[in-house]
Amino acid sequence: MQVAKVIVDVPTSQTNHTFDYLIPEQWENIVQKGMRVSVPFGPRKIMGFVLEVSDHSEFDKLKALDEVMDLTPVLTEELVQIGKWISEETVSFYIQTFQAMLPQILKAKYKKEIEVLTDVELAEELKQLFAGRVVMDFEEFVERNGNYSLLLKEVKNGHVQINYIVKSKETNKTKVFIAPNKEPYLLEEALEDISNRAKKQKRIIEHFLHHETPIEQKQLLTQLSTTTATINQLVEKKLLKKVEKKVYRDPFQDTDFERSNSLPLSNQQQTAIKPIWQAIEEKQDEVFLLHGVTGSGKTEVYLQAIERVLDKGMEAIVLVPEIALTPQMVQRFKSRFGSQVAVLHSALSAGEKFDEWTKIHKKEVNVVVGARSAIFAPFENIGIIIIDEEHETSYKQDEQPRYHAREVAKKRGNYHHCPVVLGSATPMLESYARAKKGVYHLLEMPDRMNEGEMPPVEIVDMRDELYAGNRSMFSRNLLEAIKTRIEKKEQIVLFLNRRGYSTFVMCRECGDVMKCPACDIALTYHKSSHQLKCHYCDYQIAMVKECQACNSKTIRYFGTGTQKVEEALREHIPEAKVIRMDVDTTRRKGSHKKLLEKFGNKEANILLGTQMIAKGLDFENVTLVGVLAVDAMLHLPDFRSSEKTFQLLTQVSGRAGRHKLPGEVIIQTYTPEHYSIQLASQYHYQQFFQQEMQTRRGFRYPPYYFLTLINVSHPNQLKAQEVTKTICKLLFKHLSDQATILGPTPSPIVRINNRYRYQCMVKYKDEPNQKAIIRKIQEHYYDDIHRNDLTIQVDFEPYSLM
DNA sequence: AGCACGCCGACT
DNA sequence: GTCGGCGTGCTC
């Protein structure tokens with residue numbers, strides 16, 4: 001007897017353990033760990049993952065599993081192990097983690113249908129509904145207001161049966177290929193026989209006399225400008241045949257990649273890469289922190305480290321922040337490693353993602369470049385894992401399981417005995433501190449390639465501008481600099497962290513600010529659509545003409561968003577062509593790429609955008625970078641705001657003067673004396689690190705202490721607050737007295753989507769019981785969570801306190 | 001999650 | 001006495 005231990009597709013604490021199923025004889029020795037199966041669960045059927053195959057069970061009333069959904073396991077043994085570990089570390093359910101490790105398309109789809117067994121005695125009402133059919137979708141039954149209790153009765157009577165169907169959404173795209181069906185000499189003979197009037201048919205046969213390889217039907221049609229009708233005739237004559245081939249959707253099929261070879265390494269690159277090579281050779285699971293300024297050539301180090309890995313017949317995973325997975329970046333890997341690379345990122349369709357994943361699964365590639373979830377690439381012989389822009393927040397998933405790709409990378413490196421390389425110009429404080437302590441191997445690349453200097457940064461005090469009577473959003477210096485670049489036909493990148501037109505609108509008469517009815521936040525005015533939008537929920541209304549509170553018509557716009565900047569630019573510099581890039585202009589698939597291409601082709605002078613333009617862009621003609629206002633970011637209620645500001649300013653500055661032309665950076669601010677602005681302007685990472693570490697120590701923040709953030713939300717404010725209070729009390733009671741427990745505190749935004757939000761924060765050094773306590777707390781609130789709309793989110797090492 | 005089971009009030 | 005409402009607990 002063989003028994004499968006299965007994690008079922010029900011994400012609750014009550015079902016967060018394996019269930020045993022008998023493996024039917026025909027599947028013995030076929031069912032393996034890591035496969036998806038369909039199993040009966042109560043009265044229905046659901047999907048599950050096999051975690052183990054055993055020869056016995058403690059349970060005596062075993063049901064047999066219903067179906068095997070995979071031919072080969074979708075999760076390797078290593079991934080099953082890591083999945084368990086992640087679930088425990090993040091206090092998530094096993095099923096959530098396993099789902100997160102796979103492409104969405106492998107998630108099961110459920111269907112319910114009603115089957116008529118005997119229509120002789122069936123109740124008249126149901127007979128009418130079925131109208132002679134044998135099966136009906138349950139959904140249709142509900143839609144047409146079917147009588148449910150009658151249905152149940154008929155099920156009991158055995159007249160009708162409910163079938164539960166588990167399906168996988170995966171599809172394979174096929175293309176039709178045309179191939180010769182006879183030997184060439186036979187084709188030649190046949191050519192003679194074809195009527196002289198059938199010119200097209202003759203030309204097609206001639207084609208195959210020269211090319212024996214199958215050709216895609218679509219291609220053949222355009223090449224010989226003919227139609228399927230003609231081809232079909234030849235197929236009927238058995239001269240040609242149609243072949244269906246499974247193909248992968250290739251998201252890069254329209255792109256040509258020029259092959260590139262390794263570039264000679266500079267001295268500092270060589271110094272950096274040697275220990276990495278050594279770790280590869282000696283199979284050491286060492287973690288490297290590659291601290292290299294922008295433009296120091298980190299990517300080339302990655303590429304050559306990967307080359308070494310591939311030479312040894314091993315595989316490589318490269319993680320890149322979502323936002324930096326630009327065509328430029330992908331291009332570099334594709335052109336070096338060609339078709340050995342799979343690319344995984346969110347811009348791909350679900351089908352494309354599945355195809356890329358399949359290439360990895362079938363070992364048809366040996367390099368993966370991708371965003372966070374690419375860390376789960378099902379490779380089995382990994383030689384190196386690289387995480388570029390290590391400090392990026394997108395490496396942490398912001399929903400369950402809240403895993404950090406860096407931690408998973410270390411775990412996988414450990415399993416495969418391979419190095420993990422973390423690269424950044426501005427490493428996260430935690431990482432740099434670890435490197436200084438010797439936990440990570442620190443590699444420094446302080447110089448730009450080709451003796452390039454970092455562009456000089458000018459800080460403009462916007463208060464002085466105000467004194468001087470300049471009320472516009474551009475300082476005189478910035479405006480002047482922009483105009484000069486445009487005259488010189490050089491390009492400009494302008495950065496502002498806010499989208500929309502104005503950040504809030506207020507009545508001048510009574511001071512009433514337009515707020516979202518569902519959230520505790522001011523509405524943003526979007527001029528293009530003439531709407532007020534909430535950036536936290538999907539609320540939007542047409543712009544109001546008069547104040548809702550006092551009916552006055554004196555409504556004014558405050559705060560500046562990208563739309564307003566765009567408008568101001570048009571006013572001040574009418575000749576400038578501006579491309580605006582923010583969530584609003586890049587929502588459509590491919591528009592991101594299109595806008596960047598346009599800018600690269602110099603179809604615009606100015607690229608204006610939010611966060612998304614801060615990273616990875618490399619345009620040789622950009623010589624000026626302007627940061628319109630950093631203050632909003634600096635004053636966020638977040639202990640990382642200084643660090644984030646420093647990182648952002650450094651990243652943005654790196655966009656200027658990357659090539660022959662010298663660059664310049666202008667930062668506008670109301671707090672020019674702030675150390676993260678001052679030190680970023682001088683590119684003093686070390687000094688920033690020292691200073692920030694002092695602050696963190698003073699406030700007992702990471703890296704000196706670990707953080708746990710518990711977010712509670714409920715439609716009722718009192719309930720949310722009370723639950724949080726109880727949680728704080730429980731933590732206080734069960735954690736050691738070394739831990740600091742803060743709360744209950746209202747979240748920075750108390751209400752989003754009509755839910756009140758409270759939080760509790762734990763600062764600690766070492767609390768081995770913490771996770772068990774939190775599990776207990778979650779189980780304690782099981783009913784409230786399930787039937788009372790309560791949510792409790794736990795975030796270990798949070799990136800955001802919002 | 002999704003469903004059965006069982007206890008209770010309101011009705012034929 | 002029976003129907004259907006919802007609260008409770010289980011699913012190998």
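Quick note on labels: first sequence line is chain A, next is B, and so on, each numbered from 1. Note that the structure is predicted; figures quoted are calculated from it, not measured.
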Colleague: Between Tyr782(A) and His780(A), is the ring centre distance below 6.0 Å?
Modeller: no
Colleague: Which listed nucleotide (dA1(B), dT8(C), dC3(B)) is nearest to the side chain of Thr12(A)?
Modeller: dA1(B)
Colleague: Using atom CE of Met47(A) as one end and atom C1' of dC12(C) as the other, report the distance to the nearest whole Å.
Modeller: 17 Å
Colleague: Can you identify which nucleotide, out of dT11(C), dA1(B), dA4(B), has its nearest atom closest to the Val10(A) side chain?
Modeller: dA1(B)
Colleague: Using atom CG of Leu152(A) as one end and atom C1' of dA4(B) as the other, report the distance to the nearest whole Å.
Modeller: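 Atom CG in Leu152(A) sits about 10 Å away from atom C1' in dA4(B).
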Colleague: Between atom NZ in Lys156(A) and atom C1' in dC5(B), what is the gap in whole Å?
Modeller: 10 Å
Colleague: What integer distance in Å separates Asn16(A):CG from dA1(B):C1'?
Modeller: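 Asn16(A) atom CG is separated from dA1(B) atom C1' by 14 Å.
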Colleague: If you apply the rule side-chain contact (heavy atoms from CB on, under 4.5 Å), what do you find for Met101(A) with Tyr403(A), and how did you get there?
Modeller: CA-CA 11 Å; Met101(A) 297 172 109; Tyr403(A) 69 91; over 6 Å; no
Colleague: Would you mind classifying the nucleic acid contact of Thr15(A) as base, sugar-phosphate or nothing, using non-hydrogen atoms under 4.0 angstrom?
Modeller: base
Colleague: Return the value, rounded to whole Å, for the distance between atom CZ of Arg44(A) and atom P of dT11(C).
Modeller: 13 Å
Colleague: Figure out the CZ/P separation between Arg787(A) and dA1(B), and round it to whole Å.
Modeller: 10 Å
Colleague: Under the criterion of centre distance below 5.5 Å and interplanar angle below 30°, is Phe59(A) classified as stacked on the base of dC12(C)?
Modeller: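 Yes; centroid distance and tilt both under limits.
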Colleague: Side chain of Ser149(A) only, heavy atoms from C-beta on: which candidate in dA1(B), dG4(C), dC3(B) is closest?
Modeller: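 Of the candidates, dG4(C) comes closest.
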Colleague: Out of the candidates Thr726(A), Thr724(A), Ile710(A), Val723(A), only one should pair with Pro744(A) under the side chain to side chain contact (heavy atoms under 4.5 Å, CB included) rule; please name it.
Modeller: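 Option passing the side chain to side chain contact (heavy atoms under 4.5 Å, CB included) with Pro744(A): Thr724(A).
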Colleague: At under 4.0 Å between heavy atoms, what does Phe93(A) touch on the DNA or RNA strands: base, sugar-phosphate, or nothing?
Modeller: nothing
Colleague: Check every strand shown and say whether Lys45(A) touches a base, only sugar-phosphate, or nothing at a heavy-atom separation below 4.0 Å.
Modeller: nothing
Colleague: Do Glu779(A) and Ser13(A) meet the criterion of a side-chain donor-acceptor pair at a distance under 3.5 Å?
Modeller: no
Colleague: Kindly point out which of dC3(B), dT8(C), dC12(C) is positioned nearest to the side chain of Lys63(A)?
Modeller: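 Ranking dC3(B), dT8(C), dC12(C) by closest atom to the Lys63(A) side chain puts dC12(C) first.
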Colleague: Any side-chain heavy atom of Met428(A) within less than 4.5 Å of one from Tyr799(A)?
Modeller: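 In short, these two side chains touch, coming nearer than 4.5 Å.
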